[in-house]
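Below is one structure; the comments refer to it alone.
In this text, all values refer to a predicted model and were calculated from it rather than measured experimentally. What you see below is based on every heavy atom in this structure, not just the backbone, and it leaves out hydrogens, waters and symmetry mates.
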Amino acid sequence: IESAKQAEGAVLVSFWRRPELSTTSGTPTEWLAELSDPIELWCQCPPETAVRRFLTRRRHPGHGDEARRSDQLLEQFESLDRLGPLGVGRLIRNDSSGPMDIDGLAERILHPEAG
């Protein structure tokens, strides 16, 4: 956390804790407001797409992913979607349901006045 606060620029990626859903799951978010000029990149896709992606990925067995049912995941992703962005810093919304336009996204981050 201290390294992120002192950095001149960084990309922080996490499953951020949403107190509305859990007080234990995800990375705490309270300190994000202390960052200098933060930008929140909110990547959004339909919850059904998120479920499909979740079920096809492979992580360490300690995460217990194999015990998760698709209907439970859909409910979880719909809840997250309803909550929307964290609300920390300048918001950039990104449709992540298909291929990413990395160059276009970088342009939106670096030059917000361009649109």
Side-chain angles (χ1 to χ4, degrees):
I1 292 176
E2 288 308 313
S3 295
K5 288 181 184 179
Q6 295 172 10
E8 290 185 32
V11 175
L12 307 175
V13 179
S14 184
F15 176 74
W16 301 104
R17 181 175 300 160
R18 299 301 300 249
E20 303 95 326
L21 295 178
S22 172
T23 58
T24 58
S25 181
T27 303
T29 58
E30 298 79 19
W31 62 276
L32 292 172
E34 299 173 29
L35 296 175
S36 173
D37 197 26
I39 298 171
E40 179 179 359
L41 174 59
W42 191 44
C43 295
Q44 185 181 27
C45 66
E48 296 81 8
T49 301
V51 169
R52 188 182 77 252
R53 290 174 179 170
F54 185 95
L55 292 173
T56 58
R57 72 181 182 174
R58 296 292 168 244
R59 296 192 302 169
H60 185 279
H63 290 286
D65 292 348
E66 65 282 348
R68 309 283 299 278
R69 296 190 339 247
S70 60
D71 60 324
Q72 293 170 322
L73 290 168
L74 182 59
E75 184 178 321
Q76 178 183 1
F77 288 128
E78 287 173 341
S79 294
L80 286 168
D81 189 53
R82 281 191 297 273
L83 288 174
L86 291 172
V88 178
R90 178 168 56 99
L91 175 64
I92 297 177
R93 294 175 184 266
N94 186 66
D95 178 358
S96 61
S97 49
M100 299 280 284
D101 174 9
I102 300 297
D103 292 335
L105 183 56
E107 194 65 27
R108 290 170 52 206
I109 291 169
L110 296 172
H111 305 288
E113 66 282 351

Would you list the atom pairs, donor with acceptor, under 3.5 Å between side chains in residues 45-53 and any protein atom, with sequence neighbours excluded?
from	atom 1	to	atom 2	distance (Å)
R53	NH1	S96	O	2.9
R53	NH2	S96	O	2.8
R53	NH2	S97	O	3.3

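- Partners of R57 by salt bridge (charged side-chain N to carboxylate O under 4.0 Å, His left out), not counting sequence neighbours: none found.
- Using a 4.5 Å heavy-atom cutoff, the side chains of P112 and R90 are in contact.
- The CD atom of Q72 sits 11.0 Å away from the CG atom of L74 when rounded to the nearest 0.5 Å.
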Problem set entry | salt bridge (Lys or Arg N to Asp or Glu O under 4.0 Å) between E34 and K5, intermediate numbers included | CA-CA 7 Å; E34 299 173 29; K5 288 181 184 179; 2.6 Å; yes
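- Distance check, rounded to the nearest 0.5 Å: CG of L21 to CG of L83 gives 5.0 Å.
- Using a 4.5 Å heavy-atom threshold, the side chains of F54 and R59 count as touching.
- Note that CG of D95 and CE of M100 are 9.0 Å apart. Values are rounded to the nearest 0.5 Å.
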Problem set entry | Pair N94-Q44, side-chain hydrogen bond (donor to acceptor under 3.5 Å, both in side chains): steps then yes or no | CA-CA 6 Å; N94 186 66; Q44 185 181 27; over 6 Å; no
May I have the list of side-chain donor-acceptor pairs in residues 7-14 shorter than 3.5 Å, sequence neighbours left out?
from	atom 1	to	atom 2	distance (Å)
S14	OG	T27	OG1	2.4

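- Residues E30 and R17 form no side-chain contact, since every pair of their non-hydrogen atoms from C-beta on lies 4.5 Å or further apart.
- Within 6.0 Å of the NE2 atom in H60, the count of heavy atoms belonging to other residues, nucleotides or ligands does not exceed 12.
- Proximity of a side-chain donor or acceptor of R108 to a complementary backbone N or O of R93 within less than 3.5 Å is detected.
- Considering only heavy atoms from C-beta on, D71 stays 4.5 Å or farther from E75 through its side chain.
- In this structure, the side chain of E40 does not engage the main chain of I92 through any donor-acceptor pair within 3.5 Å.
- Rounded to the nearest 0.5 Å, atoms CH2 (W42) and CG (L86) are 10.0 Å apart.
- In this structure, L55 CG and D65 CG are separated by 8.5 Å, a value rounded to the nearest 0.5 Å.
- The heavy-atom pair separating R68 from G64 by the smallest distance is CG-O, 3.7 Å.
- Cluster annotation: L105 and L110 are assigned to distinct hydrophobic clusters (Ile/Leu/Val/Met/Phe/Trp/Tyr, side-chain heavy-atom contacts under 4.5 Å, transitive).
- Taking CD1 of I109 as the reference point, atom CG of L41 lies at 5.5 Å (rounded to 0.5 Å).
- Hydrophobic clustering of Ile, Leu, Val, Met, Phe, Trp and Tyr side chains at less than 4.5 Å, counting indirect connections, keeps L35 apart from L91.
- Within the 4.5 Å cutoff, side-chain heavy atoms of W16 are placed close to those of L32.
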